[in-house]
Amino acid sequence: MHNAPEHVRVLVIGSGPSGWTASLYLSRAMLHPTVLAGDQIGGQLMLTTEIENFPGTLDGTQGPALMMRMREQAEKFGTRVIESIVTRVDFSARPFTVWASIAGEEKAFTADAVLISTGAQSILTGANGEQELIGRGVSTCAVCDAPFYRGKNVIVVGGGDSAMEDTLALTKYADEITIVHRRDSFRASKIMQERVLTHPKVRVRWNSAVKEVRGANGVIDSVLIENTQTATVEEMKTQGMFVAIGHRPASDIFKDQILLDEKGYIVTGFALGEASLALAQTRLKNGFVTFPTMTSIEGVFASGDVVDFRYRQASTAAGFGTMASLDIERWLDAQE
């Protein structure tokens, strides 16, 4: 016989910068949030070594250390953290129901409001050695890490707009950037291609893919590049590899419950266009537009990289968390 679900006021799913920031605000508002922290507490920043661009980190900090401090601060004000993996949700009726696996057993929670802050994962090449060297020369964020590569030679993997943006960001610091692309043409917009292809610091390896990432003393040293047409393999010395082949939002579990865009990012009031807004408003109360972080289900909110397909920074994720917490507080007040 299953135990009755445990009811909480606000349930936060996810434990990255957005989830911790929202939990801090919700705790201070006396809404007693419960965080279902997931299997990687702290999100992508747990794979990040040096962080210099988060406000207040004057001398830099390690990603895991920053996440631990954010968690401790949220818990200080009353956030309850459960190390668990969400297995399924039901947003069809209020209170909402969320099931989580805790120490191998499934437990049900009901909540008056839910915040989804499950983040997104960078799509990696899958090359041998890549995973082991993330944060040690392998990066998925040029905007974050480009200043660490001043005067160095690096490679960028990809051929879309993200790869072009990363390349241009790196040209301000690196001496030489080699783009490795498995096709013979880019998918990026023409204007972005022109800016990259005419830049004196940029080289391109067409019809090529990274086969292996090698390190020396725990830091990237070289990559093996395979020609996709001839299958020949060549070793290339490099001091950094930036993977820019896309991101995958952690939203699969919600796809039949709330509105997602074509790439799987959760659609909120902040992102809806006029046509979609008109459609969503038929399903929601008139107050929808006043809650930018609310999803297509009233009372379910989303923040951070599971929503943000453009900026993907720790500071913007934290800002999203602040917005969501205030939206939740105001929405709950309106219900009463």
Student: For Ser303 and Thr293, which I'm curious about, is there any donor-acceptor pair between the side chains at under 3.5 Å?
Tutor: no
Student: When you compare the side chain of Ile13 with that of Phe254, does any pair of heavy atoms fall below 4.5 Å?
Tutor: yes
Student: Is the side chain of Thr118 donor-acceptor paired with the backbone N or O of Gly14 at a distance under 3.5 Å, no angle test?
Tutor: no
Student: Within this structure, what is the CG-CD distance for the pair Asp161 and Gln193, rounded to the nearest 0.5 Å?
Tutor: 8.5 Å
Student: Apply the test salt bridge (charged side-chain N to carboxylate O under 4.0 Å, His left out) to residues Glu176 and Lys237: give CA-CA distance (whole Å), side-chain angles for both, the deciding distance (0.1 Å), then the verdict.
Tutor: CA-CA 12 Å; Glu176 183 175 296; Lys237 292 291 184 179; over 6 Å; no
Student: Quick one: does Glu130's side chain get under 4.5 Å of Val243's, heavy atoms only?
Tutor: yes
Student: I'd like to know if the side chain of Glu194 and the backbone of Lys190 have a donor-acceptor N/O pair within less than 3.5 Å.
Tutor: no
Student: Do side-chain atoms of Gln121 reach the backbone of Arg248 as a donor and acceptor pair under 3.5 angstrom?
Tutor: no
Student: Within this structure, what is the CZ-OG1 distance for the pair Phe291 and Thr268, rounded to the nearest 0.5 Å?
Tutor: 13.5 Å
Student: For the atom pair CZ (Arg80) and OG (Ser23), what is the distance rounded to the nearest 0.5 Å?
Tutor: 12.5 Å
Student: Could you tell me whether a side-chain N or O of Glu212 sits under 3.5 Å from a main-chain N or O of Leu224, the two making a donor and an acceptor?
Tutor: no
Student: Check whether any side-chain heavy atom of Glu298 sits under 4.5 Å from a side-chain heavy atom of Gln335, and report yes or no.
Tutor: yes
Student: Where do Glu75 and Val81 land on the side-chain contact (heavy atoms from CB on, under 4.5 Å) test, with the steps shown first?
Tutor: CA-CA 8 Å; Glu75 288 183 308; Val81 180; 3.6 Å; yes
Student: Is the side chain of Ser117 donor-acceptor paired with the backbone N or O of Ser18 at a distance under 3.5 Å, no angle test?
Tutor: no
Student: Check whether any side-chain N or O of Ser84 sits under 3.5 Å from a backbone N or O of Ile82 as a donor-acceptor pair, and report yes or no.
Tutor: yes
Student: Which heavy atom in Cys141 sits nearest to a heavy atom in Gln313, and how many Å separate them?
Tutor: SG-NE2, 3.6 Å
Student: Parallel, tilted or perpendicular: which one describes the rings of Trp206 and His181, with boundaries at 30° and 60°?
Tutor: perpendicular
Student: Check Ser92 against Gln257 and note the closest heavy-atom contact, atom names and distance.
Tutor: N-OE1, 4.1 Å
Student: Side-chain contact test, heavy atoms from C-beta onward, threshold under 4.5 Å: evaluate it for Tyr265 versus His247 and give yes or no.
Tutor: yes
Student: If you compare all heavy atoms of Ala163 against all heavy atoms of Val156, which two are closest, and at what distance to 0.1 Å?
Tutor: O-CG1, 3.8 Å
Student: State, with a plain yes or no, whether a side-chain heavy atom of Met164 is found less than 4.5 Å away from one of Phe186.
Tutor: yes
Student: Evaluate the side-chain proximity of Val213 to Gln131: yes if any heavy-atom separation is below 4.5 Å, no if none is.
Tutor: no
Student: For the backbone of Phe242 and the side chain of Ser139, can you confirm whether one donor and one acceptor N or O come within less than 3.5 Å of each other?
Tutor: no
Student: Is it the case that over 12 heavy atoms from other parts of the model lie below 6.0 angstrom from the NZ atom of Lys211?
Tutor: no
Student: Could you tell me whether Arg9 atom CZ has more than 12 heavy atoms of other residues or ligands within 6.0 Å of it?
Tutor: yes
Student: Under the side-chain hydrogen bond (donor to acceptor under 3.5 Å, both in side chains) rule, what do Ser122 and Thr140 come out as? Steps first, then yes or no, please.
Tutor: CA-CA 7 Å; Ser122 298; Thr140 58; 3.2 Å; yes
Student: Find out if a path of hydrophobic residues (ILVMFWY) with successive side-chain heavy-atom gaps under 4.5 Å connects Leu168 to Ile155.
Tutor: no
Student: State the CD-CG distance between Glu165 and Leu170, to the nearest 0.5 angstrom.
Tutor: 12.0 Å
Student: Run the side-chain contact (heavy atoms from CB on, under 4.5 Å) check on Met70 and Thr21 step by step: do they pass?
Tutor: CA-CA 7 Å; Met70 293 181 77; Thr21 303; 3.4 Å; yes
Student: Nearest 0.5 Å please: distance from the CG atom of Leu36 over to the CG atom of Leu115.
Tutor: 11.0 Å
Student: Check whether any side-chain heavy atom of Phe96 sits under 4.5 Å from a side-chain heavy atom of Ile297, and report yes or no.
Tutor: yes
Student: Can you confirm whether Glu132 is buried at CD, in the sense that more than 12 heavy atoms of other residues, nucleotides or ligands lie under 6.0 Å from that atom?
Tutor: yes
Student: Search all heavy atoms of Val154 against all heavy atoms of Ala174 and return the closest pair with its distance.
Tutor: CG2-CB, 4.1 Å
Student: Do Arg88 and Trp99 meet the cation-pi criteria used here (NZ or CZ under 6.0 Å from the six-membered ring centre, within 45° of the axis)?
Tutor: yes
Student: Just wondering, do Met241 and Leu133 contact through their side chains at under 4.5 Å, heavy atoms?
Tutor: no
Student: Say you draw a straight line from CG of Leu260 to NZ of Lys255; how long is it, rounded to the nearest 0.5 Å?
Tutor: 9.0 Å
Student: Are the ring centres of Tyr173 and Tyr149 closer than 6.0 Å?
Tutor: no
Student: Just by modelled atom types, is the Asn153 backbone N or O under 3.5 Å from a matching donor or acceptor in the Thr238 side chain?
Tutor: yes
Student: So, Thr79 versus Ser27: side-chain donor-acceptor pair below 3.5 Å or not?
Tutor: yes
Student: For Gly264, does its backbone N or O pair with a side-chain atom of Asp261 as donor and acceptor, under 3.5 Å?
Tutor: yes
Student: Under 3.5 Å, side chain of Ser296 to main-chain N/O of Leu259, donor-acceptor pair present?
Tutor: yes
